There are 2 protein chains.
Amino acid sequence: MSQMQTPASQQLAIGVDIGGTNSTFGLVDHRGDIMYRGAISTSKYDNVTDYINALYEAVAPAIDQVGGTRMIHGMGIGAPNGNYYKGTIEYAPNLKWKGIIPFAELITEKFDLPCALTNDANAAAVGEMMYGAAKGMKDFIMITLGTGVGSGIVSNGSLILGHDGFAGELGHTIIIPNGRVHWGTNMAGSLETYCSATGVRLTALELLQKNPEVKSLMRDYKESELDSRVVYECAIAGDKLANEVYNVTGEILGKSLANFVMFSSPEAIILFGGLCKAGDLILKPTRTHMEANVLPIFQHKVKLIFSELKEADAAILGASALVWEIK
Amino acid sequence: MSQMQTPASQQLAIGVDIGGTNSTFGLVDHRGDIMYRGAISTSKYDNVTDYINALYEAVAPAIDQVGGTRMIHGMGIGAPNGNYYKGTIEYAPNLKWKGIIPFAELITEKFDLPCALTNDANAAAVGEMMYGAAKGMKDFIMITLGTGVGSGIVSNGSLILGHDGFAGELGHTIIIPNGRVHWGTNMAGSLETYCSATGVRLTALELLQKNPEVKSLMRDYKESELDSRVVYECAIAGDKLANEVYNVTGEILGKSLANFVMFSSPEAIILFGGLCKAGDLILKPTRTHMEANVLPIFQHKVKLIFSELKEADAAILGASALVWEIK
């Protein structure tokens, strides 16, 4: 790092969102404006060192353009199975780098910058707290409804990380004992088996099979084509079964949220990710069943809202926001 | 308060545990030694002012004996539906004082002492952190298995209170959707409907009814006599069905604990209250089902242990421990 100290308020933070296929990054100022953006492949690099070298090649020109590392406060990373305490990525099923990767350490060595790392859902929650719907809130839960179901929990202004840094795996909590078996974990009846994109697809297939007498636009698609996007399009076209898919999904999500409310009594639950495109189709049944399953003391108190961050930006903003916590 | 400042380290804290029938109190030093104890009736006083006057009459002689209020750092209260932020007791179903009671304020007026108040399970968790099995831990969950099921959750060294002070109602989280209806809340399938003393009794009655061909020592008791104590005695006498009651109870508790682990990733879960007398009868099935229902990342990491505080002392210690947080 440069010997000349630049005040943190004038510095930028680099946010990196590591996905299974691609990684995106951005240089972000204190207000959450993304000044430079870029992306590299994740899956192309079998070796984490090669990946970090490629990331360096992509990010270095942007660092130079803003005046070198003295203008950068640090690098924040959102990564699957990222551990905040240890700065590691541990046994991430969607990444090629196996075992425990000391990722933050490798970044610091290569970039000569401090690095903070957490899982992607936690990063999104921090982003929402700094720049989004949770601005000013000290207690909220962020639920990401995408390919999987992730969560980031903020209590009293801080992420709940747990004693080992792995807290907040709400997608894997059991909501239907002995229910649908998860394709990855083999556990039965977890939230993710129902309320992820894959879960929505499976619920649609189940409803079609259980109701052979009911006409549905969804029957015009091959099983391999029937995904959560198709369910959505059929639902807004007025298809009864497709709408029922959202009712079922919302009921299960709402019951899960009720349990989460009774755990940490958040001011708001913020929904994020692909499934949110369904808008009221998913929000209404979710809210109904959340309210019906909390104690009166919690009723009509918890805001159930969608994220205010653009999906493409949220992960970068969240990862960058981690940096401002670095002293 | 006295004009002469006594260093906090030499002061005592008054802990009061308000139960539906009786209230107990103690003067406690920094090490958790209870120096004076006493008790008054709770249910005798229809009016909260009369109750506080009676409490004052009972506690004042002890305060005088230790040198007056200058020797007392404050008063801590554990009460059903106690709200830490507001110092209120709100709509407590087991108390005669209805509505919202500004209890801490009333105490300060009467005793001229600062007062901190929270619910009984939160108080027990704080006591366990300062003097019991959770000493030195920053992340743990305390579950009280008594007449009801209560909980106190500590994350990063602080109680999770939520945005309104009512967090930690884990006894009311749903673990069996559409399951047994709760006698008080009317909600179906909550943890408390199964894993409280009342829940154990109901499970015993169900198993006796469902298995008319199975001999059981429990059949020697009238339905009105069959309580959780009888189930325990029959179980240790080797009764098969009574043992099965604990297996069922432990399975449901273990599954619930698995969900809690995936929420806040605690170092330990501490069990407290009457049901703990069953020892391994309840601990073994609970541990088995907890481990079977968490992601591998959490397996064999979470200590499942009993409280180290005497049941009669824990509530007083916990309530008194709140006082040391008062600045």
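Heavy atoms only: backbone and side chains are in, while hydrogens, waters and symmetry mates are out. Since the structure is predicted, the reported quantities are computational estimates derived from the model, not experimental observations. Convention: sequence-line order gives letters A, B, ...; per-chain numbering from 1.
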>> Side chains of B:M137 and B:V154, heavy atoms from C-beta outward: is any pair under 4.5 Å?
In response: no
> To the nearest 0.5 Å, what is the distance between CG (B:L283) and CG (B:L275)?
Replying inline: 11.5 Å
> Do any pairs count as a salt bridge (charged side-chain N to carboxylate O under 4.0 Å, His left out) and have a residue in residues 146-159 of chain B, sequence neighbours left out, and if so which ones?
Replying inline: none
> If you tally heavy-atom pairs under 4.5 Å against chain A, which of B:I176, B:L161, B:L295 wins?
Replying inline: B:L295
> With sequence neighbours left out, what residues match A:A104 under side chain to side chain contact (heavy atoms under 4.5 Å, CB included)?
Replying inline: A:C115
> Hey, does A:F298 have a side-chain heavy atom less than 4.5 Å from the side chain of B:F166?
Replying inline: yes
> Tell me, do B:I141 and B:I270 make a side-chain contact under 4.5 Å, heavy atoms counted?
Replying inline: no
Which atom pairs, one donor and one acceptor, sit under 3.5 Å between chain A and chain B?
from   : atom 1 : to     : atom 2 : distance (Å)
A:H163 : N      : B:S265 : O      : 2.9
A:H163 : ND1    : B:S265 : O      : 3.1
A:H163 : ND1    : B:P266 : O      : 3.4
A:D164 : OD1    : B:S265 : OG     : 2.6
A:D164 : OD2    : B:S265 : OG     : 3.3
A:D164 : OD2    : B:K301 : NZ     : 2.7
A:G168 : N      : B:M262 : O      : 3.3
A:G168 : N      : B:F263 : O      : 2.9
A:E169 : N      : B:M262 : O      : 2.8
A:I174 : N      : B:N259 : OD1    : 2.7
A:I174 : O      : B:N259 : ND2    : 2.9
A:N259 : OD1    : B:I174 : N      : 2.7
A:N259 : ND2    : B:I174 : O      : 2.9
A:M262 : O      : B:G168 : N      : 3.3
A:M262 : O      : B:E169 : N      : 2.8
A:F263 : O      : B:G168 : N      : 2.8
A:S265 : O      : B:H163 : N      : 2.8
A:S265 : O      : B:H163 : ND1    : 3.1
A:S265 : OG     : B:D164 : OD1    : 2.6
A:S265 : OG     : B:D164 : OD2    : 3.3
A:P266 : O      : B:H163 : ND1    : 3.4
A:K301 : NZ     : B:D164 : OD2    : 2.7

>> Which residues pass the ring-ring contact (aromatic ring centres under 6.0 Å, His included) test with A:F140, not counting sequence neighbours?
In response: none
> What part of B:V294 is in contact with chain A, defined as an atom under 4.5 angstrom from a non-hydrogen atom: side chain, backbone, both or neither?
Replying inline: backbone
> Side chain, backbone, both or neither: which part of B:I153 has a heavy atom under 4.5 Å from chain A?
Replying inline: side chain
